[in-house]
Amino acid sequence: ERGVACPDMVALREYRLERVRRELRRRDYAGILLFDPLNHRYATDSTNMQLWITHNAARACFIATDGPVVMFDFHNCQHLSQHLPLIDEIRDMTGFFYFLGGSRCDEFADKFAGEVLDLLDANSDGNRRLAVDRMEINGVRAFERLGIEIMDDGMGLMETAREIKNENELRAMRCAVVACEATLAELENAIEPGISENELWAHLHFGNIRRGGDWIETRILSSGPRTNPWMAECGPRIIQQGDLVALDTDLIGVYGYCVDMSRTWLAGDVAATAEQKTLFGVAYDHIMENMALLEPGLSFKELTFGGHQLPRQYRDLQYGVKYHGVGLCDEYPAIFYPEAWESNGYDGVLE
């Protein structure tokens with residue numbers, strides 16, 4: 001459909017894992033230990049209870065810089081990743097978070113740390129510098145007791161690895177966008193006075209899941225007076241004739257890639273008001289001028305202060321960032337508006 005091509009998943013997986021190992025070599029780390037399920041997906045394409053794992057550390061992936069990839073998975077879930085050739089070994093995870101470990105969390109953290117130490121010593125010629133994206137505090141202390149040097153830039157390492165997409169990865173992202181746009185067309189057709197925000201939002205879930213997507217990160221859909229200030233989550237409000245209906249997809253779609261698109265429609269067979277047309281024009285100019293500014297070599301600061309600036313009357317309620325990266329989710333970098341440069345901004349260069 002629309003000229004998109006499916007990605008070569010074998011090549012895609014190999015590219016992403018090599019991006020991780022390239023960063024490990026550059027920083028002279030023996031390996032990385034990943035708990036974030038999106039990092040699992042990027043490095044290995046392995047998934048298991050993705051949302052549940054975001055708040056229950058029941059999976060971990062160890063990647064040696066020069067050695068094996070070992071997936072520590074939830075009890076009796078080895079079969080879920082056996083089709084992935086880049087994973088060399090699958091073990092049961094020793095969970096050391098409170099729900100599973102209770103009063104024995106420290107004991108279980110020591111056990112898990114010992115397993116990781118054995119992997120490090122077998123594959124790193126004495127290098128015990130281990131990057132970690134995030135970990136329970138008792139785990140950090142257990143690792144340090146064993147002489148493992150926890151490098152606290154693991155999440156930054158993964159964000160850097162994930163930053164650059166090759167053409168094959170872009171194919172996967174285009175497929176996700178096309179699938180999301182088809183779902184949005186179905187949602188748009190369902191907009192009519194009398195439908196609730198919640199019922200309308202359900203169309204996005206239905207279309208995403210049936211096309212092979214994973215989940216939706218937020219519930220940002222609002223109508224009428226709830227659209228401003230932005231970020232209101234959908235609720236029971238009934239959409240009225242002449243309401244603006246606005247949403248932010250924030251979905252994790254086909255191949256696990258994020259599609260983060262905002263759309264606004266007018267409910268009912270009515271003409272837009274003069275104010276609505278003015279707002280549309282400002283938003284359109286803002287997007288088109290700032291999109292045209294993008295090119296490799298520009299600094300984040302140049303993007304912050306360049307391009308289209310919102311008229312002053314809209315700045316108090318402007319969005320949190322002017323640009324941000326995207327991949328398996330919203331990713332580095334976050335590029336802020338001029339008003340937030342001193343408090344939140346950081347520099348870098350577009351590649």
Side-chain angles (χ1 to χ4, degrees), residues 1-23 34 36-48 50-51 61 63 69 71 80-87 158-189 203-218 247-263 287-288 290-298 323-333 350-351:
E1 183 181 351
R2 290 179 49 187
V4 298
C6 293
D8 177 341
M9 291 307 299
V10 173
L12 177 58
R13 291 162 181 154
E14 291 173 350
Y15 168 78
R16 295 192 312 200
L17 180 58
E18 180 51 34
R19 288 282 304 175
V20 176
R21 284 194 161 129
R22 172 182 165 183
E23 287 300 316
L34 303 172
D36 189 298
L38 291 170
N39 286 334
H40 297 164
R41 183 80 188 253
Y42 183 84
T44 69
D45 212 27
S46 175
T47 64
N48 184 8
Q50 295 291 82
L51 284 180
C61 181
I63 301 171
V69 174
M71 177 62 71
L80 298 180
S81 299
Q82 286 173 344
H83 66 289
L84 297 169
L86 298 182
I87 297 177
M158 290 301 299
E159 289 272 10
T160 301
R162 287 158 55 171
E163 186 179 6
I164 305 299
K165 284 76 176 172
N166 68 355
E167 180 57 36
N168 192 40
E169 193 171 6
L170 292 175
R171 286 195 199 107
M173 297 179 75
R174 291 187 190 108
C175 288
V177 168
V178 167
C180 181
E181 287 178 333
T183 292
L184 285 175
E186 294 166 353
L187 184 149
E188 181 181 4
N189 288 335
H203 285 269
L204 192 66
H205 281 272
F206 177 71
N208 184 44
I209 297 301
R210 78 186 186 99
R211 290 182 170 90
D214 281 355
W215 72 83
I216 301 179
E217 302 248 77
T218 66
L247 63 80
D248 192 345
T249 59
D250 279 332
L251 62 80
I252 309 302
V254 176
Y255 299 111
Y257 281 96
C258 177
V259 184
D260 187 10
M261 299 194 296
S262 296
R263 292 290 183 269
I287 290 170
M288 299 306 290
N290 289 332
M291 185 165 59
L293 192 63
L294 293 171
E295 63 179 22
L298 276 180
Y323 302 86
H324 67 75
V326 70
L328 293 181
C329 60
D330 290 352
E331 294 180 354
Y332 171 88
L350 284 190
E351 299 182 54

From Ile63 CD1 over to Leu34 CG, what is the distance, rounded to the nearest 0.5 angstrom? 5.0 Å
Worked check of side chain to side chain contact (heavy atoms under 4.5 Å, CB included) between Tyr323 and Leu350: CA-CA 12 Å; Tyr323 302 86; Leu350 284 190; over 6 Å; no
For a 4.5 angstrom cut-off between non-hydrogen side-chain atoms, does Leu170 reach Tyr257? no
Taking the side chain as every heavy atom from C-beta outward, state whether Glu331 and Glu159 have any pair of such atoms under 4.5 Å apart. yes
Heavy-atom closest pair, residues Cys180 and Leu251: SG-CD2, 3.7 Å
Arg41 side chain near Asp214 side chain, heavy-atom distance below 4.5 Å: yes
Between Thr249 (side chain) and Met261 (backbone), is there a donor-acceptor pair under 3.5 Å? yes
Using atom types as modelled and distance alone, determine if a side-chain donor or acceptor of Thr44 lies under 3.5 Å from a backbone N or O of Ile87. no
For Ala179 against Arg211, the heavy-atom pair lying closest together: O-CD, 3.5 Å
Any side-chain heavy atom of Val326 sitting closer than 4.5 Å to one from Met173? yes
Within the structure provided, determine whether Asp330 and Cys258 are in side-chain contact (heavy-atom separation under 4.5 Å). yes
Checking Tyr255 side chain against Met9 main chain: does a donor-acceptor pair fall under 3.5 Å? no
Going by an N to O cut-off under 4.0 Å, is there a salt bridge joining Glu169 and Arg19? no
Output the distance between atom CD1 (Ile216) and atom CG (Asp250), rounded to the nearest 0.5 Å. 9.0 Å
Not counting sequence neighbours, which residues clear side-chain hydrogen bond (donor to acceptor under 3.5 Å, both in side chains) with Glu217? List them please. Trp215
Straight-line distance of Thr183 OG1 to Glu188 CD, nearest 0.5 Å: 13.0 Å
dist His40:NE2 -> Leu328:CG (nearest 0.5 Å) comes out at 12.5 Å
Determine whether Leu204 and Leu184 satisfy the following criterion, side chain to side chain contact (heavy atoms under 4.5 Å, CB included), listing intermediate values before the conclusion. CA-CA 7 Å; Leu204 192 66; Leu184 285 175; 4.0 Å; yes
Is it true that Arg16 and Asp45 have a side-chain N and a carboxylate O under 4.0 angstrom from each other? yes
Is there a donor-acceptor contact under 3.5 Å from the side chain of Tyr15 to the main chain of Asn168? no
Would you indicate whether the side-chain heavy atoms of Val69 and Cys61 approach each other to under 4.5 Å? yes
Measure the shortest side-chain to side-chain distance between His324 and Asp260 over non-hydrogen atoms and say whether it is less than 4.5 angstrom. yes
Can you tell me how far apart OG (Ser46) and NE2 (His83) are? Round to the nearest 0.5 Å. 7.5 Å
Between Val20 and Met158, is there a side-chain heavy-atom distance shorter than 4.5 Å? yes
Nearest heavy-atom approach of Ala5 to Cys175 is O-SG, 3.5 Å
For the atom pair CG (Asn189) and NE2 (His203), what is the distance rounded to the nearest 0.5 Å? 9.5 Å
Between Arg162 and Glu23, does at least one N-O distance fall below 4.0 Å, as a salt bridge requires? no
